[in-house]
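Report on one structure; see the data block that follows.
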Amino acid sequence: MNAAVGRQTIEVALGERSYPILIGPGVADDPALIATHLSARRAALVTSEIVAALYLAPVSAALARAGIETVPIVLPDGERHKNWETLNRVFDQLIEARCDRQTPVIALGGGVIGDLAGFAAATWQRGVPFVQIPTTLLAQVDSSVGGKTAINHPQGKNMIGAFHQPRLVLADTAMLSTLPERELSAGLAEVIKYGLIRDAAFLDWLEANLPRLLERNPDALAYAVRRSCEHKAEVVAADEREAGVRETLNLGHTFGHAIETGVGYGTWLHGEAIAAGTVMAAEMSARLGWLGEADVARVRRLFAQARLPVDAPAMAQTQWLELMGHDKKVRDGRIRLVLLRALGSAVVTGDYPADALKATLADCATTAGDPASAPVRHG
Ligand code: NAD
Ligand code: GLY
């Protein structure tokens, strides 16, 4: 069989910093493809303990066959390690291996590794080439594209970071076969996001195809990754530094980041927090008269069908407001929210009655689960 069958290329158009996203089974395992897009003799391959056990050997072997020697940097796994201490471990190993300005940093893993390795690449020797090999659905559809890199502050998600675009993204959809179910669902939250903010037809497709996606049907997954990357590439090309339309990609994130920080990093997965946060954004949009009850019910049903939580954890209103007040979209102390004018159409606004937000937070307290435990999943 031709190895290139089923492969797609999407361009992120950013002038001289444009780059391709290559999508399909085996794209990270193909030395000819790697050699075409990456010219280096050595590369630092940053990954986590869990991903290393699965993919470090095959990816290093493919790089070797492309003439690239690997410096492996294996980090502890998970959101709670997306911090200064882990970042310093990367710098320690880059210096020990004498990686220079020509040595690319390759992220092999989910969004945590991608964000952290990307920030290392942005800052090491004032910036070195960066490549993303995303291995989770969430990273393939969202975090590996667009150049946002960051680590967390104890009081706020992704507070310390930089924009640093990758030179290449290799989204190997075959790698999704080993992803735990909970992580697959978490990735679907960001896929559903694209439908809600800008593509009502994709939302219809998702409603019809969620069962196939949950069964990991390769065609359905490939289509979801491709359509999501097309949206992400278009938005990033229009607004790389998030001065406008890119903010809409943060649907559910002001509530969601507050959940992740409030319950402790890693208790709720990012995609889970975004699912419950997006339901809150939909409820707030209904309070403003933009969505109807049936729309909100449809949003809840979609996330539940994807086996995601739809009810936020219990937190005091003061804690919600304190955490949301650290959001990067805050302007002059005003919490700005991504809301839905209709399903398929998002707006960003700080112009809403304070009582509407308070009522949304109060309402969620009535359905909330225990903040210290993992979320209740549906489906
Ligand atoms: P993650 O990186 O923690 O990965 C989830 C888990 O899956 C980890 O335990 C990982 O080791 C494991 N894993 C990864 N690939 C696997 C595979 N193929 N098989 C088996 N296990 C595998 O989580 P995530 O959901 O990928 O990313 C979440 C992070 O992404 C958050 O920190 C979030 O803030 C960030 N994010 C960033 C952007 C951006 O634009 N930069 C966008 C969205 C999210
Ligand atoms: N995930 C939001 C963004 O990349 O802008």
Side-chain angles (χ1 to χ4, degrees), residues 12 28 46-56 58-59 74-83 86 107-119 122 130 132-152 156-159 161-166 169 171-191 193-194 197 216 228-229 231-233 235-236 238-254 256-257 259-261 265-266 268-274 328-329 338 348:
V12 184
V46 181
T47 189
S48 76
E49 284 156 358
I50 290 176
V51 177
L54 294 163
Y55 298 114
L56 180 58
V59 172
V74 181
L75 303 173
D77 192 86
E79 189 71 46
R80 71 197 169 90
H81 295 290
K82 191 177 160 183
N83 56 24
T86 315
L108 173 68
V112 168
I113 286 295
D115 279 12
L116 188 137
F119 188 42
F130 179 45
Q132 288 265 21
I133 307 183
T135 63
T136 61
L137 180 62
L138 186 139
Q140 294 191 357
V141 299
D142 190 354
S143 62
S144 64
V145 177
K148 278 190 183 175
T149 74
I151 55 171
N152 298 326
K157 276 274 299 177
N158 299 332
M159 281 291 144
F163 285 96
H164 188 62
Q165 296 293 344
V169 179
D172 190 332
T173 47
M175 288 177 172
L176 301 179
S177 64
T178 52
L179 202 58
E181 257 183 38
R182 191 177 163 197
E183 302 291 349
L184 184 77
S185 289
L188 288 172
E190 301 279 19
V191 177
K193 170 185 82 179
Y194 294 111
I197 61 173
R216 301 178 205 228
S228 301
C229 285
H231 281 300
K232 183 88 192 244
V235 171
V236 168
D239 178 23
E240 183 185 7
R241 294 282 172 139
E242 198 170 293
V245 68
R246 186 163 180 175
E247 287 187 324
T248 61
L249 294 177
N250 280 304
L251 176 67
H253 283 56
T254 307
H257 282 166
I259 294 171
E260 286 187 85
T261 312
Y265 295 131
W268 280 53
L269 303 181
H270 176 72
E272 293 170 341
I274 295 319
K328 291 187 285 305
K329 288 181 298 306
V338 185
V348 185

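What you see is a predicted model, and the numbers here were worked out from it, not measured in a lab. Indexing begins at 1, ligand by ligand and atom by atom, following the structure's order.
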Inset, instruction - List every atom of ligand 2 that sits less than 4.0 Å from any heavy atom of Lys232, numbering the atoms from 1 in the order shown and giving each element. - result: 1 (N), 3 (C), 4 (O)
Legend entry - Proximity of His253 to ligand 2 by residue part, where a heavy atom lies under 4.0 Å: neither
Legend entry - Minimum-distance protein heavy atom relative to atom 3 (C) of ligand 2: Lys148 NZ, 3.3 Å
Legend entry - Least distance between heavy atoms, Val338 atom then Leu251 atom: O-CD1, 3.6 Å
Legend entry - Asp239 side chain vs Arg246 backbone, donor-acceptor pair below 3.5 Å: yes
Inset, instruction - Determine, step by step, whether Ile113 and Val51 satisfy the side-chain contact (heavy atoms from CB on, under 4.5 Å) criterion, reporting the C-alpha distance in whole Å, the side-chain angles of both residues, the deciding distance to 0.1 Å, and the verdict. - result: CA-CA 10 Å; Ile113 286 295; Val51 177; over 6 Å; no
Inset, instruction - Salt-bridge test for Lys329 and Glu247: reply yes if a basic N is under 4.0 Å from a carboxylate O, no otherwise. - result: no
Inset, instruction - Write down, by chain and number, every protein residue that brings a non-hydrogen atom to less than 4.0 Å from an atom of ligand 1. - result: Ser48, Ile50, Val51, Leu54, Tyr55, Asp77, Glu79, Lys82, Gly110, Gly111, Val112, Asp115, Thr135, Thr136, Leu138, Asp142, Ser143, Lys148, Lys157, Asn158, Met175, Thr178, Leu179, Pro180, Glu183, Glu190, Lys232, His270
Legend entry - Criterion salt bridge (charged side-chain N to carboxylate O under 4.0 Å, His left out) on Glu242 and Lys328, from CA distance to verdict: CA-CA 10 Å; Glu242 198 170 293; Lys328 291 187 285 305; over 6 Å; no
Legend entry - Proximal atoms of ligand 2 relative to Glu242 (non-hydrogen, under 4.0 Å): 5 (O)
Inset, instruction - Return the orientation label for the His257 and His270 ring planes: parallel under 30°, perpendicular over 60°, tilted otherwise. - result: tilted
Legend entry - Rounded distance (nearest 0.5 Å) linking atom CD of Gln132 with atom OG of Ser143: 6.5 Å
Inset, instruction - Kindly confirm or rule out an N or O of Asn250 lying under 3.5 angstrom from an N or O of ligand 2. - result: no
Inset, instruction - Check whether any side-chain N or O of Asp172 sits under 3.5 Å from a backbone N or O of Ala28 as a donor-acceptor pair, and report yes or no. - result: yes
Inset, instruction - Enumerate the atoms of ligand 2 whose separation from the nearest heavy atom of Asp142 is less than 4.0 angstrom. - result: 1 (N)
Inset, instruction - Decide, yes or no, whether a salt bridge links Glu272 with Arg182 under the criterion of side-chain N to carboxylate O below 4.0 Å. - result: yes
